Amino acid sequence: MAEIELFAMNTADWEYEYSAMMRLQRPGETYPSLTPFYLIDHPEGVVLFDTGTSAEMLADPANYGAYGASHMEESAGKEIEPTEGGSASEQIADLGYEPEDVDQVVLSHLHLDHAGDIDAFSESTIVVQQAELEYAWWPADPIQRSLYLEGDFGPLRSGAFDVREIEGSYDVFGDGTIRCLPTPGHSAGHQALQVELEEAGTVILGADLAFTQEAYEQELQPPFAWDTREALRSNRDVRNLERAEDAAVYLAHDREHFEELPNPPESLM
Ligand SMILES: [Zn+2]
């Protein structure tokens with residue numbers, strides 16, 4: 001198998017209310033979460049999975065995008081703080097990659113903590129589920145609406161972007177090493193990413209399939225899930241896959257999962 005490397009980076013620390021992320025659990029407690037993204041260097045090209053939180057948005061929510069994101073003012077810089085490395089495009093530069101080097105940006109979904117720096121990647125193909133694109137423009141649920149920022153994904157409509165809308169599974173390079181796994185529920189078009197590594201074996205980047213290991217094992221979804229039933233089905237699908245493939249699952253917001261991954265410039269191989 002070709003040599004593939006996976007790097008994990010964090011764009012912002014996010015202290016969140018435990019009960020808001022894991023329905024009715026530990027009311028009043030907070031959880032020190034984070035908003036990571038991943039770079040996969042594959043012999044055929046470089047892939048990003050998610051783009052984290054926009055540092056530009058956190059610095060000035062009211063002027064972010066065409067319509068601003070004033071509702072973020074209360075949490076930006078308090079519950080959500082950018083890390084020193086900055087946005088995804090700045091962090092990959094520290095590893096020696098320019099945005100133009102990125103062939104494909106695969107987005108798990110378009111919530112603000114996953115799709116924050118897309119506009120830096122206008123030279124890349126943006127891979128996202130069709131259902132996610134549609135729902136992001138006008139979510140029925142007001143909580144979901146607050147998580148989708150026009151400033152993040154609005155540029156995709158500009159025509160400057162090559163958007164690959166997919167429906168269902170998708171093999172990024174056609175060799176089975178990097179595959180999108182549709183896992184709807186948390187959001188309408190949520191997807192995880194399965195990566196085959198030479199030493200580490202099968203890795204599943206679960207994004208927001210569940211918020212933490214506890215949530216994943218106990219099937220605890222947040223109260224604002226787009227569709228709880230679908231989310232549970234996706235959670236079970238991945239647990240079955242994890243067992244069948246002896247895979248390692250890394251959820252985006254579980255601090256321990258992130259800390260298990262090597263610190264760049266070290267990578268998982
Ligand atoms: Zn989300």
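One is the number of the first residue; the rest follow in order along the sequence. Model, not experiment: these values are computed from the prediction. For the numbers below, each heavy atom of this structure counts, side chains included, while hydrogens, waters and symmetry mates do not.
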So does [Y] get a backbone contact from the side chain of [X], meaning a donor-acceptor N/O pair under 3.5 Å?
{"X": "E5", "Y": "L268", "answer": "no"}
{"X": "S19", "Y": "L24", "answer": "no"}
{"X": "R145", "Y": "P139", "answer": "yes"}
{"X": "T11", "Y": "T35", "answer": "yes"}
{"X": "T53", "Y": "A12", "answer": "no"}
{"X": "Y38", "Y": "V47", "answer": "no"}
{"X": "R255", "Y": "P32", "answer": "yes"}
{"X": "D117", "Y": "S87", "answer": "no"}
{"X": "Q104", "Y": "V127", "answer": "no"}
{"X": "D50", "Y": "G52", "answer": "no"}

Partner residues of E242 under the side-chain hydrogen bond (donor to acceptor under 3.5 Å, both in side chains) criterion, sequence neighbours left out: Y216
Ring centre gap for W137 and F153 strictly below 6.0 Å: yes
For D227, side-chain contact (heavy atoms from CB on, under 4.5 Å) partners two or more places apart: R229, E230
Polar side chain donor-acceptor pair, D60 to N63, under 3.5 angstrom: yes
Option from H253, H111, H114 for which ring pair (Phe, Tyr, Trp, His ring centres under 6.0 Å) with H186 holds: H111
Parallel, tilted or perpendicular, as decided by the 30° and 60° cut-offs, for the rings of H109 and H190: tilted
Co-members of the apolar cluster containing Y16 [side chain, <4.5 Å]: W14, Y18, M21, M22, Y31, M57, L58, Y64, M72, I80, L112, I143, L147, L149, F211, L220, F224
When rounded to the nearest 0.5 angstrom, what distance separates [atom1] in [X] from [atom2] in [Y]?
{"X": "L197", "Y": "I40", "atom1": "CG", "atom2": "CD1", "answer": "8.0 Å"}
{"X": "F161", "Y": "S122", "atom1": "CZ", "atom2": "OG", "answer": "5.0 Å"}
{"X": "L209", "Y": "L251", "atom1": "CG", "atom2": "CG", "answer": "6.5 Å"}

E196/R179 under salt bridge (charged side-chain N to carboxylate O under 4.0 Å, His left out): CA gap, chis, key distance, verdict: CA-CA 9 Å; E196 303 298 333; R179 280 176 287 176; 3.5 Å; yes
R233, R236, R23 screened by salt bridge (charged side-chain N to carboxylate O under 4.0 Å, His left out) with E219, the one that passes: R236
